[in-house]
Amino acid sequence: MTNLDKYIKMNISYVSNDIGIMATLVVCVFFCFIFLHLLPLAMLLLALGLGLLVKIYKKLFYQGLFGERAVMERTLPLTERETVTSKIFVATCGRIIFEAASVAMTMSVWLMGRVDLGISKESILFLIPESVEPGQLPAAVALVVLTAVIRCFCQSAMILAAVVWYNTLPKRDRKFPAKFLAVIAVLAMGVILIQIQTSLGKIHMMIGEAGMTALALAIGLFTCRAAEKRLQSRYCI
């Protein structure tokens with residue numbers, strides 16, 4: 001087992017409880033829709049799941065690099081690239097679990113509602129864009145899944161880059177304006193990616209997904225590299 005493998009395993013163990021609880025909370029939302037008297041709890045459970053996802057990011061990106069675990073983790077025999085790679089990998093896995101649980105819950109509730117209304121299963125075909133021919137459906141589904149995974153990677157990488165940028169500023173500059181700028185940059189990039197995907201999707205659904213995948217992958221790799229270089233040049237505990 002290499003140092004990178006050991007570090008990934010260590011980061012997984014560090015947030016494993018949070019990931020398990022987060023996924024369980026999101027899946028429990030489904031039961032709120034089965035037992036309607038529990039429906040008011042659905043939004044609360046989703047909010048708690050999202051809060052745990054934020055906690056995972058905080059543990060991996062802040063506490064592990066700049067907080068209470070920084071002294072221990074930064075003395076490990078790892079390069080900056082291995083550090084960034086391991087944390088992005090674990091954070092992306094956590095984000096994928098949250099997204100998968102959310103989508104599964106949403107689709108289960110949607111399909112359950114359609115069955116209760118007596119609408120045939122073929123009716124779900126209206127969800128497929130007209131630009132996708134029947135023979136392209138398997139490829140389209142695979143591309144949508146790939147896009148979702150790459151988007152989770154890109155978002156995790158942007159968050160890490162923002163955390164690293166802010167916490168490697170001189171102490172006198174670590175104030176609310178800098179923190180606000182980091183948050184706005186991450187949110188703005190997410191909005192831009194969605195707008196690009198929507199624009200390309202008007203041409204063809206698969207073009208939109210492919211364009212989104214390529215762009216998100218490029219941005220994710222770029223921000224990972226930026227975080228790595230920032231840690232190399234300006235990091236101090």
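Hydrogens, waters and symmetry mates play no part in the numbers below; they use all other heavy atoms, side chains included. Everything quoted here is computed from the prediction, not taken from an experiment.
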Contact summary for Phe66 and Phe61, nearest pair of heavy atoms: CD1-O, 3.8 Å
Cluster overlap Ile56 with Phe89, hydrophobic side-chain contacts below 4.5 Å: yes
Side chain to side chain, Lys179 and Arg174, heavy atoms closer than 4.5 Å: no
Hphob cluster co-occupancy, Leu160 + Leu169, side-chain heavy atoms under 4.5 angstrom: no
Hphob cluster co-occupancy, Ile159 + Val183, side-chain heavy atoms under 4.5 angstrom: no
Donor-acceptor under 3.5 Å (Glu73 side chain, Ala70 main chain): no
Val164 side chain reached by Tyr62 side chain, heavy atoms, under 4.5 Å: no
Side chain proximity check, Leu60 to Val15, heavy atoms < 4.5 angstrom: yes
Minimum side-chain heavy-atom gap Met10-Leu76 below 4.5 Å: yes
Heavy-atom pair with the smallest gap, counting every atom of Gly64 and Lys87: CA-NZ, 4.0 Å
Donor-acceptor contact present, side-chain Ser156 to main-chain Ile88, <3.5 Å: no
Verify same cluster id: Tyr166, Met189 (apolar side-chain graph, 4.5 Å): no
Gap between atom CG of Leu53 and atom CD of Glu99 - 0.5 Å precision: 8.0 Å
Closest non-hydrogen atom pair, Thr213 against Thr147: OG1-OG1, 2.6 Å
Side chain Asn11, main chain Tyr7, donor-acceptor under 3.5 Å: yes
Side chain Arg95, main chain Phe153, donor-acceptor under 3.5 Å: no
Interatomic spacing from OG1 in Thr85 to CD in Glu228 - rounded to 0.5 Å: 7.0 Å
ILVMFWY network linking Leu48 to Leu52, side-chain heavy atoms under 4.5 angstrom: yes
Heavy-atom pair with the smallest gap, counting every atom of Glu82 and Leu4: O-CD1, 3.4 Å
Spatial distance of atom CE (Met212) from atom OG (Ser199) [nearest 0.5 Å]: 12.0 Å
Sole residue of Ile192, Thr198, Val191 in side-chain contact (heavy atoms from CB on, under 4.5 Å) with Ile194: Thr198
Interatomic distance, Ile12 atom CD1 to Ser86 atom OG [nearest 0.5 angstrom]: 9.5 Å
Straight-line distance of Met158 CE to Gln155 CD, nearest 0.5 Å: 6.0 Å
Minimum-distance pair of heavy atoms, taken over all atoms of Lys59 and Tyr14: O-CE2, 3.3 Å
Heavy-atom closest pair, residues Val84 and Cys224: CG1-O, 3.9 Å
Side chain to side chain contact (heavy atoms under 4.5 Å, CB included) assessment of Glu80 paired with Arg230: CA-CA 9 Å; Glu80 306 296 353; Arg230 186 91 179 180; over 6 Å; no
Option from Leu217, Leu215, Ile219, Thr92 for which side-chain contact (heavy atoms from CB on, under 4.5 Å) with Cys154 holds: Ile219
Within-4.5 Å side-chain heavy-atom neighbours: Leu193 and Arg151: no
